[in-house]
Asks: 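One structure follows; several queries about it will come next.
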Amino acid sequence: MTEEEARAWLSDRGWLTGQAGERLARLVDLVISENDRQNLIAASTIPAIWARHILDSAQLLPLAEATPADGHWFDLGSGGGFPGLVIACLREAPITLVETRALRARFLESCIAELGLAHARVAQQKAEQVRAGLPAAVISARAFAPLGRLFDLAHHLSDPETLWLLPKGRNAQLELASARQEWQAAFHVKQSVTDADSAIIVASSVKRRQKAASRRPSGRRRA
């Protein structure tokens, strides 16, 4: 997808005008500037930042339309702010960006202040250490961990109504098959709008499979 096509996709949804558009444009500037100090995104992707990072993140939002408008969104491994900061620019509802690395966490906090995202916060913690007062409405994670491991780390933040939006690369189906050995859910795989080789795993009602109880031999033991 070209930069022009990415901007057109965003414009069609009204996300390049008004406050949302101003925030996204400023976010692009902040990421490019900070990338000289720490490697937030691959330098080779900067010329395609609107397609590779902004739109790639924003495409998650329409998938969450059925979740509560004021529901809490948790973004795991936010890194340079994708998808978390993009979602925060477009959605006026609580969002927590989970990032363990101090430099990146400070960058996320500076962006929140610069962009006026009072509804966003940063948790500089491991995902398994994060605590929430209420279950998440949405959990997202981009290039964070294999699917099964991700569920292990963050399942405590969810309930059966939580929607998981998990962008994956060409190994999406393999990750899903592996995770299904231990986890069950209502799974759907959506094609990414930015890359024909990428997909978004959408899941709800996620729970660990019950292991079959070991059976003891019946009958009396012989003396």
Side-chain angles (χ1 to χ4, degrees), residues 23-24 27 30-31 34-35 37-42 52-54 56-61 63-64 67-169 172 175 179 183 185 200-204 206-208:
R23 283 172 166 173
L24 290 179
L27 175 59
L30 292 170
V31 170
E34 182 66 19
N35 217 53
R37 288 181 284 274
Q38 57 174 315
N39 188 30
L40 299 175
I41 60 176
R52 292 286 298 275
H53 301 289
I54 302 300
D56 194 62
S57 300
Q59 68 175 320
L60 300 185
L61 197 51
L63 300 178
T67 63
D70 60 349
H72 203 134
W73 188 307
F74 284 81
D75 183 49
L76 309 181
S78 295
F82 306 109
L85 281 179
V86 174
I87 297 301
C89 288
L90 301 175
R91 179 180 182 266
E92 296 287 339
I95 182 168
T96 296
L97 312 181
V98 181
E99 175 56 52
T100 59
R101 291 163 290 187
L103 280 176
R104 297 199 178 187
R106 285 200 293 271
F107 169 71
L108 295 173
E109 288 171 343
S110 69
C111 287
I112 286 171
E114 175 77 17
L115 299 172
L117 303 174
H119 54 287
R121 74 178 187 97
V122 177
Q124 191 187 332
Q125 295 174 291
K126 294 181 178 179
E128 62 269 32
Q129 297 172 334
V130 177
R131 293 294 176 263
L134 294 172
V138 182
I139 296 175
S140 60
R142 183 188 191 219
F144 176 68
L147 192 59
R149 177 63 175 156
L150 193 158
F151 289 149
D152 275 329
L153 295 175
H155 190 253
H156 68 285
L157 296 173
S158 71
D159 70 4
E161 301 302 314
T162 298
L163 183 68
W164 300 71
L165 297 176
L166 310 171
K168 294 290 181 181
E175 281 196 38
W183 295 90
I200 302 164
I201 294 177
V202 181
S204 59
V206 175
K207 63 179 180 179
R208 194 184 299 273

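In this text, all values refer to a predicted model and were calculated from it rather than measured experimentally. Because only heavy atoms are used, hydrogens play no part in the values below, and waters and symmetry mates are left out as well, while side chains stay in. Positions are given from 1, in the same order as the sequence printed here.
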Asks: Looking at side-chain heavy atoms only, is the closest gap between Val86 and Asp56 below 4.5 Å?
Replies: no
Asks: Check whether any side-chain N or O of Glu175 sits under 3.5 Å from a backbone N or O of Ala172 as a donor-acceptor pair, and report yes or no.
Replies: no
Asks: Tell me if a side-chain donor or acceptor on Glu128 pairs with a main-chain N or O of Leu153 at a distance below 3.5 Å.
Replies: no
Asks: Sort out for me which residue in Val130, Thr96, Val98 forms a side chain to side chain contact (heavy atoms under 4.5 Å, CB included) with Leu157.
Replies: Val130
Asks: Rounded at 0.5 Å granularity, tell me how far CD1 in Ile95 sits from CZ in Phe74.
Replies: 9.5 Å
Asks: Would you name the heavy atoms of Trp73 and Leu61 that are closest together and state the gap between them?
Replies: CZ3-CD1, 3.9 Å
Asks: Heavy atoms, side chains only, cut-off 4.5 Å: are Thr162 and Val206 in contact?
Replies: no
Asks: Within this structure, what is the CZ-CZ distance for the pair Arg37 and Phe107, rounded to the nearest 0.5 Å?
Replies: 9.0 Å
Asks: Evaluate the side-chain proximity of Leu63 to Val202: yes if any heavy-atom separation is below 4.5 Å, no if none is.
Replies: yes
Asks: Under a 4.5 Å cut-off applied to non-hydrogen side-chain atoms, are Arg106 and Val122 in contact?
Replies: no
Asks: How many angstroms lie between atom CG of Leu165 and atom OG of Ser57, to the nearest 0.5 angstrom?
Replies: 12.0 Å
Asks: For the atom pair CG (Leu76) and NZ (Lys126), what is the distance rounded to the nearest 0.5 Å?
Replies: 14.5 Å
Asks: Please report the interatomic distance SG(Cys111) to CG(Leu30), rounded to the nearest 0.5 Å.
Replies: 4.5 Å
Asks: Check whether any side-chain heavy atom of Val31 sits under 4.5 Å from a side-chain heavy atom of His53, and report yes or no.
Replies: no
Asks: Can you say whether the rings of His155 and Trp183 are parallel (under 30°), tilted (30 to 60°) or perpendicular (over 60°)?
Replies: tilted
Asks: Which pair of non-hydrogen atoms, one from Asp70 and one from Arg91, has the smallest distance, and what is that distance?
Replies: C-NH2, 4.4 Å
Asks: Within the 4.5 Å heavy-atom criterion, are His72 and Leu134 side-chain neighbours or not?
Replies: no
Asks: With sequence neighbours excluded, tell me which residues meet salt bridge (charged side-chain N to carboxylate O under 4.0 Å, His left out) with Arg131.
Replies: none
Asks: By salt bridge (charged side-chain N to carboxylate O under 4.0 Å, His left out), which residues pair with Glu109, not counting sequence neighbours?
Replies: none
Asks: Once you round to the nearest 0.5 Å, how far does CZ of Phe82 lie from CD1 of Ile54?
Replies: 4.5 Å
Asks: With side chains defined as the heavy atoms from C-beta onward, is the minimum distance between Ser158 and Ile139 less than 4.5 Å?
Replies: yes
Asks: Decide if atom CZ of Arg149 counts as having more than 12 heavy atoms of other residues, nucleotides or ligands within a radius under 6.0 Å.
Replies: no
Asks: Is there side-chain contact between Ile112 and Leu97, with heavy atoms separated by less than 4.5 Å?
Replies: yes
Asks: More than 12 heavy atoms of other residues, nucleotides or ligands under 6.0 Å from CZ of Arg142: yes or no?
Replies: yes
Asks: Tell me, please, which residues at least two apart from Glu161 pass salt bridge (charged side-chain N to carboxylate O under 4.0 Å, His left out).
Replies: none
Asks: What heavy-atom pair brings Ala88 and His119 nearest, and what distance separates the two atoms?
Replies: O-NE2, 2.9 Å
